[in-house]
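Please read these numbers as outputs of a predicted model, since none were measured by experiment. Here is how names work: the chains are called A, B, and so on, in the same order as the sequence lines, proteins then strands, and each is numbered from 1.
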Amino acid sequence: MSTPDHSQATALRTHLCGQLRPADIGSTVSVTGWVGRRREHGEHLAFVDLRDYSGIVQCVINDDIDVRSEYVLRITGVVRKRPEGTINDALPTGQVEIGDCEVEILRKAVPPPFPIDARADDVDENIRLQYRYLDLRRERMQRNLRVRSTVNAAIRQSMDQQGFVEVETPMLVPSTPEGAREFLVPSRKEQGSFYALPQSPQLFKQLLMVGGVDRYYQIARCLRDEDLRADRQYEFMQLDMEMSFVEQDDVLDAVSRSVLGAVEAVTGEQIDEIERITWHEAMNRFGVDKPDLRFGMELVELTDVFANTEFKAFAGATGEGGAIKGIRVPGGAGEYGRNQLDKLTDRAKSLGAKGLVWLKIVDGAGAAGLDSPVAKFFSDAEADEVRARTGGDAGDLVLIVADEWMTTCEVLGQLRNDLGRPPVHEGPYRFVWVVDFPLFVGVDRESGRPKPGHHPFTMPHPDDIGLLESEPLRVRSKAYDLVLNGWELGSGSIRIHEPELQRQVFQALGISDEEAERKFGFFLNPFEYGAPPHGGFAYGLDRLVAILAGEENIREIIAYPKTQSGADPLTNSPLPVDAKVLEELGIRVLPRVD
RNA sequence: GGUCCCGUGGUGAAGUCUGGAGUUCACGCCGGCCUGUCAAGCCGGAGGUCGCGGGUUCAAAUCCCGUCGGGACCGCCA
């Protein structure tokens, strides 16, 4: 991470606590901070660890002074080498200490509810959030906030260098029927009317392209009233961008630069290029559209192996639309007992598979070399081929699913993640662009029409436009996701900028001209005045920062996050408001219905 | 809307399955001793609505029902 090159000395301090080194020996310094631990040895000797964000320095106090945990102090004294045998290698400042200390108590403090150090990692998160201002004093949180700040700065620098213009878009926007549930804001002047908080600046950024801005970006706050998760908050930040007169490669290039610039700024690691795979390949090999490339256990194609199988559970999946695939769990034969294998089977079923076949590979060739309830249904040739394709050795476990192609991929992809995925702080940063997403995903149960995969303004793949009417589900799109270590960082697309193609896509979606005008007119009519070809992207800063900080949960890299139920234990929000306030807004709250 | 896990002095845990006195451990806190410690050490002390409500029982932290709070996940997040 970058460190500021100017001194952070102030009227009250000459140095930061964590900065002092043997080179400072002999200097008279003033440091400020909080009392960490103190070690008293009677009236005439006490050690106080003074802490600021930069670290800890030991101060030697020879007076009888009452200084307690988390008191705010200013200490002035002389930096000196620690006596022989008392050097603390665990501290960056451990070679030195501050002696001849004059102590000024800037503010007394009551004892904190939990220790302000790594032990608070184990404290109930609700309590950490209730006292977030204390939690934030800890090294971990200070580091996380600074990773975040570094990422923001690096992104701004990269976007600026690439000629992007930072434009702010409104927080009070019209409510739109599509997409995520919105937070509503009542209008005081027009009672009964509402603004919404933006789930993203989508409309405004595309209109900036119509407005000739050419390259827009914003570190944008987005708000969605959907259920919270480890990687989802009501409010989150996105690097949002849009470019004019571009093809897909131009967008991927620009985004790659910014995200890789952020990685380098935080870790010093240089990544030259982000690899790409198609959505179809991602599903085939990893069973998810956000593959974690840090580990193997890829899905192995087995459909043709069982083309003429006697095994009924597999025979049904060898035809059109079906697929049989397996994954190898190295060393899994010994690791997974009958009980756990039953649990894996239940898991597969709950994910939508009809069942799960497991094979433990033992010594010997042919079906006899497999330990499995279904081995007796396998021919020797089939058994040998499964071993060859999966690369399975004695002691390995092979899991096989036979189902519709999509189900087979998804179930095994989930099992692959369940069984093999490393924790977030492990391994390299494996970015991947997933391109050629299908334009439509699945079919709406009510209307029978295909549903848009990204949004209805996404450019279909030029080679597939002819299939829009005949086989819409096979149409690929110019939509793409950026994935890092199995986390979806963000997505984007080339947009449709001319009306005829937009009409065709609406038609495939079953949206009439009237409905299109009613729902999207406010958005598309401006295009009539000359929309340039354009495309864009947005990626989640919280997720990127969490991964770079090695945190599993984005709450750890947000100063004031909400709990899973959407509450803030620090402020107790959300809270009821005075009847007067509601009256002014023309709002009446209905009694709770349970 | 659903599934699963958790809730015990300020903090973290054990105790809950198999009911028997608010029992235990570590940290913190308060007081005392202590001149080279560094998650200092030694001695002493205080601190509790076992989340809340109801039920079963002679007896409930423990069993049952409900509820609140926290977490993980499914749905949801075009």
Side-chain angles (χ1 to χ4, degrees), chain A residues 36-51 56-64 66 68-70 80 82-91 93-94 97 99 110-131 134-135 176-182 199-200 202 222-234 236 343 346-347 350-352 414 417-418 437 439-442 444 450-458 477 479 488 490-491 493 509 511 519-520 540 552-553 555 561-567 569 572 594:
Chain A
R37 309 203 58 82
R38 74 212 135 87
R39 297 170 290 280
E40 290 179 36
H41 292 255
E43 284 184 20
H44 301 295
L45 178 65
F47 301 98
V48 167
D49 289 338
L50 197 68
R51 182 193 67 239
I56 282 173
V57 66
Q58 172 167 285
C59 305
V60 186
I61 316 274
N62 297 110
D63 306 319
D64 184 16
D66 190 24
R68 310 214 168 198
S69 279
E70 300 307 314
R80 64 191 189 200
R82 291 197 186 190
E84 203 65 34
T86 64
I87 285 167
N88 185 348
D89 291 324
L91 286 179
T93 60
E97 64 189 14
V110 296
F114 52 80
I116 312 298
D117 60 35
R119 284 172 294 182
D121 289 346
D122 298 324
V123 171
D124 187 290
E125 197 183 345
N126 214 31
I127 291 171
R128 288 177 56 207
L129 292 180
Q130 190 184 337
Y131 298 93
L134 296 179
D135 193 34
T176 51
E178 308 295 311
R181 190 181 299 119
E182 297 165 323
Q199 36 179 305
S200 81
Q202 190 66 33
C222 303
L223 299 107
R224 297 180 187 172
D225 187 5
E226 300 289 352
D227 287 356
L228 282 50
R229 292 287 157 75
D231 61 352
R232 277 160 38 183
Q233 282 274 308
Y234 282 154
F236 59 99
K343 276 188 186 154
D346 289 344
R347 172 86 170 136
S350 75
L351 292 166
Q414 190 58 56
N417 274 342
D418 288 352
F437 266 75
L439 189 63
F440 308 112
V441 199
D444 188 82
K451 296 184 287 190
H454 186 55
H455 58 55
F457 320 110
T458 302
S477 71
E488 181 194 321
S491 54
S493 63
L509 288 165
I511 298 174
K519 273 188 167 168
F520 307 117
E552 304 272 357
N553 194 307
R555 292 190 297 272
K562 305 276 189 290
T563 66
Q564 198 167 72
S565 62
N572 281 322
D594 286 312

Measure from the side chain of [X], starting at C-beta and using heavy atoms only, and say which of [options] lies closest.
X: A:N88; options: B:rA40, B:rC38, B:rG70; result: B:rC38
X: A:R68; options: B:rG31, B:rA39, B:rC73; result: B:rG31
X: A:V123; options: B:rG71, B:rU11, B:rG31; result: B:rU11
X: A:R82; options: B:rC38, B:rG31, B:rA78; result: B:rC38
X: A:D124; options: B:rA78, B:rG12, B:rC73; result: B:rG12
X: A:E226; options: B:rG36, B:rC76, B:rA78; result: B:rC76
X: A:R224; options: B:rG71, B:rC77, B:rG36; result: B:rC77
X: A:T86; options: B:rA78, B:rU37, B:rG10; result: B:rU37
X: A:R39; options: B:rG36, B:rC38, B:rA78; result: B:rC38
X: A:D227; options: B:rG75, B:rA78, B:rG36; result: B:rG75

Does a nitrogen or oxygen in the side chain of [X] sit under 4.0 Å from OP1 or OP2 of [N]?
X: A:N553; N: B:rA72; result: yes
X: A:S565; N: B:rG70; result: yes
X: A:R555; N: B:rA72; result: yes
X: A:R37; N: B:rA40; result: yes

Exercise. Apply the side chain to side chain contact (heavy atoms under 4.5 Å, CB included) test between A:L129 and each candidate in A:T563, A:D135, A:D124; give the one that qualifies.
Key: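 For A:L129, the side chain to side chain contact (heavy atoms under 4.5 Å, CB included) test succeeds with only one of A:T563, A:D135, A:D124, which is A:T563.
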Inter-nucleotide [atom1] distance ([N], [M]), Å rounded:
N: B:rU23; M: B:rG70; atom1: C1'; value: 27 Å
N: B:rG66; M: B:rG31; atom1: P; value: 49 Å
N: B:rC4; M: B:rC58; atom1: C1'; value: 37 Å
N: B:rC5; M: B:rA78; atom1: P; value: 31 Å
N: B:rG10; M: B:rC64; atom1: P; value: 27 Å
N: B:rU37; M: B:rC42; atom1: C1'; value: 15 Å
N: B:rG19; M: B:rU57; atom1: P; value: 16 Å
N: B:rG22; M: B:rC50; atom1: P; value: 10 Å

Select from A:Q564 and A:S69 the residue whose nearest nucleotide in RNA chain B is closer to the 5' end of that strand.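 Closer to the 5' end of RNA chain B: A:S69.
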- Report the residue (A:E178 or A:K562) whose heavy-atom-nearest nucleotide on RNA chain B is the more 5′ of the two.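 On the 5' side of the pair lies A:K562.
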Protein-nucleotide distance ([X], atom [atom1]; [N], atom [atom2]), rounded to Å:
X: A:K343; N: B:rU3; atom1: NZ; atom2: C1'; value: 15 Å
X: A:R181; N: B:rG75; atom1: CZ; atom2: P; value: 15 Å
X: A:R119; N: B:rG10; atom1: CZ; atom2: P; value: 18 Å
X: A:R347; N: B:rU3; atom1: CZ; atom2: C1'; value: 12 Å
X: A:K451; N: B:rC76; atom1: NZ; atom2: C1'; value: 12 Å
X: A:I116; N: B:rG28; atom1: CD1; atom2: C1'; value: 12 Å

Distance-only donor-acceptor test (3.5 Å): side chain [X], base [N]:
X: A:R229; N: B:rA72; result: no
X: A:Q130; N: B:rG70; result: no
X: A:R38; N: B:rC38; result: no
X: A:R232; N: B:rC77; result: yes
X: A:E40; N: B:rU37; result: no
X: A:D49; N: B:rC38; result: no

Let's go through A:R232 and A:Q564 carefully: what are the C-alpha distance in whole Å and the side-chain angles of both, what is the deciding distance for side chain to side chain contact (heavy atoms under 4.5 Å, CB included) to 0.1 Å, and is it a yes or a no?
CA-CA 9 Å; A:R232 277 160 38 183; A:Q564 198 167 72; over 6 Å; no
Using centres under 5.5 Å plus planes under 30 degrees as the test, is A:F47 stacked with B:rU37?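 Aromatic stack with B:rU37 present for A:F47.
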I'd like to check, for A:H454, whether its ring lies over the base of B:rA78 with centroids under 5.5 Å apart and a plane angle smaller than 30°.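 No; by the centre-distance and plane-angle rule, A:H454 does not count as stacking on B:rA78.
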Can a salt bridge be assigned to the pair [X] and [Y] using a cut-off of 4.0 Å between side-chain N and carboxylate O?
X: A:E182; Y: A:R224; value: no
X: A:E40; Y: A:R38; value: yes
X: A:R128; Y: A:D121; value: no

Polar contact flag, side-chain donor to acceptor under 3.5 angstrom, A:R39-A:Q58: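 Per modelled atom types, A:R39 and A:Q58 side chains form a pair under 3.5 Å.
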Side chains of A:Q414 and A:D418: any donor to acceptor distance under 3.5 Å?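 A:D418 vs A:Q414: donor-acceptor pair found between side chains.
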*When rounded to the nearest 0.5 angstrom, what distance separates CD in A:E84 from OG1 in A:T86?*
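If we round to the nearest 0.5 Å, A:E84:CD and A:T86:OG1 are 8.0 Å apart.
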Item to complete: Using both distances under 3.5 Å as the test, list the Watson-Crick or G-U wobble partner of B:rU16, or none.
Response: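 For B:rU16, the partner nucleotide comes out as none, under the 3.5 Å rule.
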